[in-house]
Asks: 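Dropping a structure here in structure tokens format, bear with me for questions.
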Amino acid sequence: MTVKVAAFDIDGTLRRGGDIAAKDIAAIDAWRNAGHLAISATGRSRSSLSRALHGIDISFDYNVLSNGGAGTTRDDELLFGHPIDSDMVHEAVTEFQDVEGIAVYGTTFGPRDGIFTNNTAIPGVGSSLAQGFIPMTRADITDHQFGVVPLWVPDNPALRVELIERIHTQLPHATYTTNHEFVDIIAPGVNKGKGILQVMELAGIDSFELYTFGDSWNDLPMHEVAHHSHSFTLSPDDVQHATDHVIEHVADALLEYV
């Protein structure tokens, strides 16, 4: 029997302006009530996703976290984790901690995510996606398994490109992915597409039809393995061109497949 599986990016796809549209929640409920599987596929960590969805009445059967670096069950049981080598975390933090206009974070597989430095003009932890993060130093790196070292680059696409070039020249062994405001350093071989496939393997599901919904560049690997891929009118042009459909909201398409 072929199982229908839908995978949803969170920020920019479902969660916009701090909330998720009621019609998108209803569509995912209808999808799951019809016996299909729903997976969140996000760059967020376990604890960050929990904070983002707090107070929102939405459920997923599995979660692909840290851009594919980890996977959990609906009950937050860790299925797998692919940590970044601690030496690479040290190198990345050392390389970027003094760059003006960015913040350097570290997200883990555990209950604590950290901020190493914030050199933006936005006080505190900076990005709203980093709410709940705690201060960390390089001395704390060996105490955690990091899934992502996110470099937050608010409102400066040129600086984001510069950071990518700097990764290529100064950290040639680093692996990274991007979205609208982040350059995320991740473990080699990790991406959302592989994370979804690993979840399916661990769930014992051999035959499935995959529907993906994601707005940015870090969603491209899951779109590549999908049978039906969806980006959004707010997505960059190259992401739109890489998907089968361009829509306004998840509910615009998902209900057609139920």
Side-chain angles (χ1 to χ4, degrees), residues 9-12 15 17-18 42-54 65-70 81-188 190-192 216-218:
D9 173 53
I10 299 297
D11 297 286
R15 191 173 182 267
T42 177
R44 287 181 178 266
S45 67
R46 294 168 82 183
S47 56
S48 179
L49 180 63
S50 177
R51 286 191 295 270
L53 299 183
H54 180 73
L65 307 163
S66 302
N67 292 305
H82 303 292
I84 310 170
D85 182 83
S86 60
D87 289 341
M88 178 55 67
V89 178
H90 271 283
E91 290 182 40
V93 173
T94 301
E95 180 68 25
F96 295 111
Q97 65 182 353
D98 296 323
V99 176
E100 289 299 318
I102 76 170
V104 181
Y105 303 114
T107 62
T108 75
F109 302 146
R112 294 286 182 267
D113 296 320
I115 175 170
F116 291 101
T117 186
N118 178 13
N119 297 322
T120 73
I122 301 172
V125 296
S127 172
S128 61
L129 275 68
Q131 296 302 313
F133 285 28
I134 63 172
M136 287 187 183
T137 69
R138 284 176 293 174
D140 298 310
I141 290 173
T142 55
D143 295 332
H144 303 276
Q145 287 189 315
F146 291 91
V148 183
V149 176
L151 309 177
W152 182 48
V153 194
D155 302 319
N156 196 335
L159 180 55
R160 188 178 68 235
V161 171
E162 181 182 320
L163 292 181
I164 292 170
E165 293 174 350
R166 193 160 167 174
I167 289 172
H168 285 301
T169 57
Q170 302 299 117
L171 301 172
H173 301 298
T175 303
Y176 69 90
T177 188
T178 65
N179 59 32
H180 298 288
E181 289 194 335
F182 284 86
V183 178
D184 288 344
I185 296 173
I186 54 180
V190 161
N191 62 55
K192 288 187 181 184
S216 198
W217 299 287
N218 62 335

Asks: If you compare all heavy atoms of Ala92 against all heavy atoms of Leu171, which two are closest, and at what distance to 0.1 Å?
Replies: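 Closest approach of Ala92 to Leu171, heavy atoms only: CA-CD1, 3.9 Å.
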Asks: Could you tell me which non-hydrogen atom of Gln97 sits nearest to which non-hydrogen atom of Thr117, and how far apart they are?
Replies: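 Closest approach of Gln97 to Thr117, heavy atoms only: O-CG2, 3.2 Å.
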Asks: Could you grab the distance from atom CG of Asp87 to atom CD of Glu91, nearest 0.5 Å is fine?
Replies: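 If we round to the nearest 0.5 Å, Asp87:CG and Glu91:CD are 6.5 Å apart.
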Asks: Give the C-alpha distance, both sets of side-chain angles, the deciding distance and a yes or no for side chain to side chain contact (heavy atoms under 4.5 Å, CB included) between Thr177 and Asn191.
Replies: CA-CA 8 Å; Thr177 188; Asn191 62 55; over 6 Å; no
Asks: Checking Asn67 side chain against Thr42 main chain: does a donor-acceptor pair fall under 3.5 Å?
Replies: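 Pair absent, no side-chain N/O of Asn67 close to backbone of Thr42.
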Asks: Is the side chain of Asn218 donor-acceptor paired with the backbone N or O of Asn179 at a distance under 3.5 Å, no angle test?
Replies: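 Answer holds: no.
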Asks: Determine whether Leu49 and Ile10 satisfy the following criterion, side chain to side chain contact (heavy atoms under 4.5 Å, CB included), listing intermediate values before the conclusion.
Replies: CA-CA 9 Å; Leu49 180 63; Ile10 299 297; 3.9 Å; yes
Asks: I'd like to check Ile185 versus Thr175 (side-chain heavy atoms, cut-off strictly below 4.5 Å). Are they in contact?
Replies: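 In short, these two side chains do not touch, never coming nearer than 4.5 Å.
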Asks: Let me have the donor-acceptor pairs involving side chains of residues 141-163, under 3.5 Å, with sequence neighbours excluded, atom names and distances please.
Replies:
residue	atom	partner	partner atom	Å
Trp152	NE1	Glu181	OE1	3.1
Asn156	OD1	Leu159	N	3.0
Arg160	NH1	His180	O	2.7

Asks: Looking at Thr94 and His90, would you say the former's side chain and the latter's main chain have a donor-acceptor pair under 3.5 Å?
Replies: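 Yes, the answer is positive, given that a donor and an acceptor are paired below the 3.5 Å cut-off.
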Asks: Please confirm whether the backbone N or O of Gln131 pairs with a side-chain atom of Arg51, one donor and one acceptor, at under 3.5 Å?
Replies: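 Looks like yes, one N/O pair under 3.5 Å.
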Asks: Would you mind reporting whether Ile115 and Ile134 have side-chain heavy atoms less than 4.5 Å apart?
Replies: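 They are not in side-chain contact.
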Asks: Phe133 and Tyr105: aromatic ring centres closer than 6.0 Å?
Replies: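 Between Phe133 and Tyr105, the centre distance is under 6.0 Å.
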Asks: Looking at Ser66 and Phe109, what are the two nearest heavy atoms and their distance?
Replies: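 It is OG-CE2, 4.3 Å.
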Asks: For the atom pair CG (Leu65) and OG1 (Thr107), what is the distance rounded to the nearest 0.5 Å?
Replies: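 Between Leu65 CG and Thr107 OG1, I get 9.5 Å after rounding to 0.5 Å.
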Asks: Less than 4.5 Å apart, side chain to side chain, heavy atoms only: is that true for Gln170 and Phe96?
Replies: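 The answer is no, as the side chains (C-beta and beyond) never meet within the 4.5 Å cut-off.
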Asks: If you take all heavy atoms of Leu129 and Asp11, which pair is closest and at what distance?
Replies: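 Looking at all heavy atoms of both residues, the shortest contact is CD2-OD2, 4.0 Å.
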Asks: Can you name the nearest heavy-atom pair linking Asn118 to Ala103, along with the distance?
Replies: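 Looks like OD1-CB, 3.8 Å.
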Asks: So, Asp113 and Ser45: side-chain donor and acceptor under 3.5 Å apart, yes or no?
Replies: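 The criterion, which ignores hydrogens and geometry beyond distance, is satisfied for Ser45 and Asp113.
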Asks: Which atom pair, heavy atoms only, marks the closest approach of Arg44 to Ser48?
Replies: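 So the two residues come closest at NH1-OG, 2.7 Å.
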Asks: Going by heavy atoms in the side chains, are Thr178 and Ile164 under 4.5 Å from each other?
Replies: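 In short, these two side chains touch, coming nearer than 4.5 Å.
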Asks: Thr169 side chain to Arg166 main-chain N or O, any donor-acceptor pair under 3.5 Å?
Replies: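 Pair found, side chain donor or acceptor close to backbone of Arg166.
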Asks: So, taking the atom named CD in Glu100 and the one named OG1 in Thr120, what distance separates them when rounded to the nearest 0.5 Å?
Replies: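 Here the rounded value is 9.5 Å.
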